[in-house]
Amino acid sequence: MTAAGPRRGGGGAARRVLDGFEARTGLFGGVKTLLSTEVAGGARFAYALGGVLVFLFVIEAITGVAMAAVYTPSVAGAWGSLHYLEHQVVLGSLVRGIHYFASSAFIVVVVLHMTQALLYGAHRRPREATWIVGVVLLLALLGFGITGRFLRMDQHGYWDTRVATGVMGSAPGGDILKTLMLGGQRYGSEALTRFYALHVFVLPGVFGLLTALHLAFARRHGPKPRPGAKPAPSQPWWPYQTLRTVVLSGVVLATLIALTLLVGVGLEAPADPASAYEARPDWYFRFLFQLLHYLDGPLALLGTVVLPGLAVVFLIATPFIDRRAPGEGPSKRTLIPYALMLVGVATLTIVSFADDAGNERFQKAMAEADEATATAEQMIALGGIDASGRIPLFEGLELYRDKGCAGCHDGTKTPSPGLAGYGTRQRLEAFLAHPNGEAFFGKTPLDGKMDAVEAEGDARIALVDYLRSLGGHAEGSAASVERGAAAFVEDCTDCHNAPALVAGMKDYAVDAAGPDLAGLYGFEWTRAVVRNAGHVTAYGGSLDKDEAKKAMPSYEELSDEELSRIVTWLLAGAPGAKR
Amino acid sequence: MADDVPSPPPEAPADAGRRRLLARAAIGGCACVGAATLLGPAGVALGPLFQGDDGPKDGLPVALGPVSAFKVGAPPVRVVLRADERDAWSTRKNAPIGSALVQRTAENVGRNVGFTVLSGVCPHLGCAVDYRDDLSRFHCPCHGSSFETSGARVETTEGGKPNPSPRDLDPLDYDVVNDRLVVTWVRYATATAERKKVGA
């Protein structure tokens, strides 16, 4: 009954235990039977392609599980967790790189595997079922591609998915499929968890099951030697074919690692539905994207449904279209349409990339996207990612740009203070030295309203220490702050309220010319200035009404939320402000 | 056959009918248990077909700032829409939810008067449409859909190709409240000739 009977001469307790185990499980014998399968005509590298595909599936499974140990499938967590994986987790970027490039390699090797099968006649009787399951596997593979990209939740993945699902939705009945995939009509929380469930549970399950069938069918009939090959003695799979498969797998893995190290996957800026990102699908869907450039209006159906549908039907029907005997050479009836299909796909792909390479507008948009990514990185380095997945400084900078602040403060066309280093000690020192310089009040309505501070040395440091202490920045010693306070009362209170008086509301003049400095460069102080810089307690005291209105708009339409984000960004030193 | 299991006695011919009946019962049992097991998961999977959108029915109002910021005669601008978005179980404050293309057409402004306000989502496949000053048109970078500044679909796009967009750009309702432009954000289905609201 058992494949491996009791051995002679082994002796010893260990041997008896192993034999006993084998008698009960038959595992060793089973493995031995699997490995000793005869390869008709001898081992070949051509037969190793299937083995490489199994290897790639295992790679995807292992790297996928490793990533799942970090990745968080939620709108709040997805991008941040990938950023963490890419930059902080030990070898995280390697794992992610291999996972990504293995998916591309999968497509390439599948096409090679199919082509080889066609040339060898391995789709013909009695291997039709193996071939058909193979075609279904190819489709499942594309499913991995579609669902995987969205999980990144970066600009690239997000916009690609919008286009891909848009294509799906444009097919008859496709909107139902689209709704089911997205869990509604929104590219948000439910879409992400559904894509995750498909990518991580459903598709691997289906793919694994189909692979098992494909392998069982393939094993039943054995590899198909090339038609016309000289008859050669067969060899057992182990070690002849095994070695070839391992060598080829090693080459593939080395390529994946090289691609990861040399090219890398990258993670673009977080998905932004409000941006004007130029979406492009991954390379293996480029042909379809390009096809839609030529087929539009009523013809679009040709590109989205008819041609891809025909291609799938043709591939599935290949074993039946081919009328040749199993041992004969390739059939023109299948090879020509197959070759045309490959050439068509390759041409469309090349044309699509060439179009973009020659499209200045697209190149500019890509450069802008890269810049946004670099900015996001910079803002994360300075201010991190919060628990709701937002990058506070990045959002502050975006609001600064969107809400029109940058229009004045980034340039010099409308005279306005530069904001780089806002709220820092250095900027305060520079301001006190040159309040009417171009970086501050120069040429604005406030030009000349404040004199440079003359104090030098320790006296100057003391004054800065005191001013910094107003906003809660304890930078100098108590003695220095006290000395600075005394100097402030002495020299500055002609214009500014002495903040020490505020608590008792004594001698507090609401119409003092200079801004109220209580809480200077603290959150609330800065917030009040941004909300209404022309207010009498801000800069309005030194200006007449018309000037105050012109000085800076009061931005009443900024929500509290938006204002807080801008202030947070300002007080981090306004990173990303142009001057 | 394992050696610790006694051989069964041969089946009596009378048992054949009983076996058939039991086989049928087993198949029926499998079907019932299977269906009951799949019922819940099927509900979760197919639910979105029967469930409405999370957003407000009448669209999401988004304040865009003083109307004076938009000048008559100026080219259209693409504005970022930020609002408190409801997405399944979570709300997100001040999230960028989309973009609008805004042009002021008259001095006199009011509810749906004086502006052209269009959704920035391309009706073809959902890419982001932007204004191209070199063409004086709205243009989609994905497949080249092209629209007049009024939002009307042009027949032939840049390069003489037919326009892939199935319809004009989608107008958004707007109002002027306290001299401020407030746009009502709504999402429409893509790739349909007919304008179909799908959420906000």
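Labels below follow one simple rule: chain letters A, B, ... track the order of the sequence lines, proteins then strands, and each chain is numbered from 1. These numbers come from the heavy atoms of this one structure, side chains and all, not from hydrogens, waters or symmetry mates.
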*Pairwise side-chain contact, A/Leu292 with B/Leu125, heavy-atom cut-off 4.5 Å (strictly under)*: yes

*asked:* Please classify the contact of B/Ala200 with chain A as side chain, backbone, both or neither, using a heavy-atom distance under 4.5 Å.
replied: backbone

*Side chain, backbone, both or neither of A/Gln290 within contact of chain B (heavy atoms, under 4.5 Å)*: neither

*Would you find more than 12 non-hydrogen atoms of other residues, nucleotides or ligands less than 6.0 Å from B/Arg18 atom CZ?*
no

*Which atoms of B/Leu46 come close to chain A, meaning under 4.5 Å heavy atom to heavy atom: side chain ones, backbone ones, both, or neither?*
both

*Heavy-atom pair of closest approach, residues A/Arg390 and B/Asn94*: NH2-O, 3.1 Å

*asked:* Quick check for you: among B/Arg78, B/His124, B/Gln51, which has the greatest number of heavy-atom pairs under 4.5 Å with chain A?
replied: B/Arg78

*Is the backbone N or O of A/Ser189 less than 3.5 Å from a side-chain atom of B/Asp87, with the two atoms forming a donor-acceptor pair by type?*
yes

*Between A/Lys178, A/Glu190, A/Glu278, which residue shows the highest count of heavy-atom pairs closer than 4.5 Å to chain B?*
A/Glu278

*Would you mind reporting whether A/Arg401 and B/Val80 have side-chain heavy atoms less than 4.5 Å apart?*
no

*Could you tell me which residues in residues 360-369 of chain A have at least one non-hydrogen atom under 4.5 Å from a non-hydrogen atom of chain B, sorted by residue number?*
A/Arg361

*Under 4.5 Å heavy-atom distance to chain B, tell me which part of A/Asp175 shows up: side chain, backbone, both or neither.*
side chain

*Side-chain contact test, heavy atoms from C-beta onward, threshold under 4.5 Å: evaluate it for A/Val75 versus B/Ser90 and give yes or no.*
no

*If contact means a heavy atom pair closer than 4.5 Å, which residues of residues 56-69 of chain B contact chain A?*
B/Gly65, B/Pro66

_Quick one, A/Leu399 and B/Arg82 - any side-chain contact, counting heavy atoms below 4.5 Å?_
yes

_Full working for salt bridge (Lys or Arg N to Asp or Glu O under 4.0 Å) between A/Arg186 and B/Glu85_ = CA-CA 11 Å; A/Arg186 190 184 289 274; B/Glu85 184 190 28; 2.9 Å; yes

*Which bit of B/Pro162 comes within less than 4.5 Å of chain A, counting heavy atoms only: side chain, backbone, both or neither?*
both

*Is chain A contacted by the side chain of B/Asp53, its backbone, both, or neither, given a heavy-atom distance below 4.5 Å?*
side chain

*Top contributor to chain B contacts, counting heavy-atom pairs under 4.5 Å, from A/Ser559, A/Gly183, A/Ala197*: A/Gly183

*With a 4.5 angstrom heavy-atom cut-off, could you sort out which part of B/Asp130 is near chain A: side chain, backbone, both or neither?*
side chain

*Does atom CG of A/Asp355 have more than 12 heavy-atom neighbours, drawn from other residues, nucleotides or ligands, at distances under 6.0 Å?*
yes

*Using non-hydrogen atoms and a 4.5 Å limit, figure out which bit of B/Lys161 sits close to chain A: side chain, backbone, both or neither.*
side chain

*Option in A/Ala276, A/Ser170, A/Ser275, A/Ala274 with maximal non-hydrogen atom pairs under 4.5 Å from chain B*: A/Ala274

*Region of A/Thr165 in contact with chain B, defined by heavy-atom distances below 4.5 Å*: neither

*Would you say the side-chain atoms of A/Arg162 pair up with the backbone N or O of B/Cys127, donor to acceptor, closer than 3.5 Å?*
no

*asked:* Please give me the minimum heavy-atom distance between A/Gly166 and B/Thr190, naming the atom from each residue.
replied: CA-OG1, 4.4 Å

*To the nearest 0.5 Å, how far apart are CH2 in B/Trp89 and OG1 in A/Thr193?*
5.0 Å

*Take atom CZ in B/Arg180; do more than 12 heavy atoms of anything else shown fall under 6.0 Å from it?*
yes

*Inter-chain contacts: residues 98-107 of chain B against chain A, heavy atoms under 4.5 Å*: B/Gly98, B/Ser99

*Could you list which of residues 138-150 of chain B have a heavy atom closer than 4.5 Å to any heavy atom of chain A, in residue-number order?*
B/Pro141, B/Cys142, B/His143

*Which atoms of B/Asp134 come close to chain A, meaning under 4.5 Å heavy atom to heavy atom: side chain ones, backbone ones, both, or neither?*
side chain

